[in-house]
Number of protein chains: 2
Amino acid sequence: MNPAVPLDRVFHALADPARRAMLERLTRGPASVSELAEPLAMSLPGVVQHLAVLEQSGLVTSRKAGRVRTCQIAAGALQPAEQWINERRIAWERRLDRLGDYLAGETQMEGNER
Amino acid sequence: MNPAVPLDRVFHALADPARRAMLERLTRGPASVSELAEPLAMSLPGVVQHLAVLEQSGLVTSRKAGRVRTCQIAAGALQPAEQWINERRIAWERRLDRLGDYLAGETQMEGNER
DNA sequence: CTTTCACTTAATTATTTGCTTAAGTATACC
DNA sequence: GGTATACTTAAGCAAATAATTAAGTGAAAG
């Protein structure tokens, strides 16, 4: 249930807009490092560092052919992150559901657990 | 479509195990700062700092009554994050689908788009 | 063989994190 | 009033991030 997937790294990788932009580009197909860098108002080494974060998180893989490194998204790598979020969302939606108009009420919360 | 929700902050908030633990605790109901801190092998000010990150991300809200601050998860705050992930996952699963046994093949990738 | 191209590596730098301890504030209790 | 409780604020600090420029490597093109 808790695989050797570093959830920390995945969420950290997703927390940067440049890295999310790179992922979005890669959902439209494989790309070279230069192609990933092009829209990014950033030096190439900067992009390479972001790419390293993405690879260490398992979200992206790359292979070098000749002098071009081609990057791809890794299938299924987002699943643990999505699952974590989904589980929590469901849990607390259910809870908020049970509480009914708790939020609308006067919330005297002296009697909850512990 | 792109609300004033700082996706950066949400993913960043989720990238720390202590903060995720606090969120998991809060899915079981509201808690005071001390209750959040208890299982956390960390000083109270440390916990307060993590709490600040969670509040700034919009994932948690808190109100102070007397000398006790009670924390709650914010309904729906995770939705944009989940949605972002979901959209990408779907997009690239569809893509991998179209590619068929691309991954199993010899992958001569000189003819892709652009 | 030389130059160009596509990275790659290294070294720097400023900022942000994630923690700590110490001291302060504001209730609640006796 | 005095004291304990539940944070709160402040200050400091080591490590990690996010970026840069400059120099290096190795395949491709002329």
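Throughout, a chain's letter reflects where its sequence line sits, starting with A, and its residues are numbered from 1.
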How close or far is atom [atom2] of [N] from atom [atom1] of [X], stated in whole angstroms?
{"X": "A/Gln56", "N": "D/dA16", "atom1": "CD", "atom2": "P", "answer": "13 Å"}
{"X": "A/Arg69", "N": "C/dC5", "atom1": "CZ", "atom2": "C1'", "answer": "16 Å"}
{"X": "A/Leu40", "N": "C/dC7", "atom1": "CG", "atom2": "C1'", "answer": "16 Å"}
{"X": "A/Glu38", "N": "C/dC5", "atom1": "CD", "atom2": "P", "answer": "16 Å"}
{"X": "A/Arg20", "N": "D/dA18", "atom1": "CZ", "atom2": "P", "answer": "12 Å"}
{"X": "B/Arg63", "N": "D/dA6", "atom1": "CZ", "atom2": "P", "answer": "19 Å"}
{"X": "A/Leu51", "N": "C/dA6", "atom1": "CG", "atom2": "P", "answer": "16 Å"}
{"X": "A/Leu54", "N": "D/dT17", "atom1": "CG", "atom2": "C1'", "answer": "14 Å"}

Among all residues two or more places apart in sequence or in another chain, which pass the side chain to side chain donor-acceptor pair (under 3.5 Å) test with [X]?
{"X": "B/Glu87", "answer": "B/Gln83"}
{"X": "B/Glu55", "answer": "B/Ser62"}
{"X": "B/Gln56", "answer": "none"}

Problem set entry | B/S/- contact track for nucleotides 17-23 of chain C, protein heavy atom under 4.0 Å | -SBBBB-

Problem set entry | nucleotides 24-30 of chain D: protein proximity per nucleotide (B base, S sugar-phosphate only, - neither; heavy atom, under 4.0 Å) | --BBS--

Problem set entry | Qualifying salt bridge (Lys or Arg N to Asp or Glu O under 4.0 Å) pairs with a residue from residues 67-83 of chain A, counting only residues at least two apart or across chains |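 Sorted result for residues 67-83 of chain A: A/Glu82-B/Arg89.
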
For this session: Would you please name every residue forming a side-chain contact (heavy atoms from CB on, under 4.5 Å) with B/Glu24, sequence neighbours left out?
Result: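 Partners of B/Glu24 under the side-chain contact (heavy atoms from CB on, under 4.5 Å) test: A/Trp84, A/Arg88.
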
Only distances under 3.5 Å count here; give the side-chain donor-acceptor pairs of residues 10-19 of chain A to other protein atoms, sequence neighbours excluded, each with its distance to 0.1 Å.
{"unit_1": "A/Asp16", "atom_1": "OD1", "unit_2": "A/Ala18", "atom_2": "N", "d": "2.8"}
{"unit_1": "A/Asp16", "atom_1": "OD1", "unit_2": "A/Arg19", "atom_2": "N", "d": "3.2"}
{"unit_1": "A/Arg19", "atom_1": "NE", "unit_2": "A/Ala13", "atom_2": "O", "d": "2.9"}
{"unit_1": "A/Arg19", "atom_1": "NH1", "unit_2": "A/His50", "atom_2": "ND1", "d": "3.1"}
{"unit_1": "A/Arg19", "atom_1": "NH2", "unit_2": "A/His12", "atom_2": "O", "d": "3.1"}

Problem set entry | Among C/dC7, D/dT8, D/dA6, the nucleotide that comes nearest once only the side chain of A/Lys64 is considered |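 Within the option list, the nearest is C/dC7.
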
For this session: Would you indicate whether the side-chain heavy atoms of A/Leu36 and A/Leu26 approach each other to under 4.5 Å?
Result: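 Counting from C-beta outward, A/Leu26 and A/Leu36 do come under 4.5 Å.
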
Exercise. Do A/Asn86 and B/Asn86 come close enough that some side-chain heavy atom pair is under 4.5 Å?
Worked result: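 Not touching, per the 4.5 Å side-chain cut-off.
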
Problem set entry | Given A/Thr27, A/Leu59, A/Leu78, the one that forms side chain to side chain contact (heavy atoms under 4.5 Å, CB included) with A/Ile73 |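 Of the listed options, the one satisfying the test is A/Thr27.
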
Exercise. Can you check whether B/Ser34 has a side-chain N or O nearer than 4.0 Å to OP1 or OP2 of D/dC7?
Worked result: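 Checking D/dC7 against B/Ser34, a side-chain N or O does come within under 4.0 Å of OP1 or OP2.
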
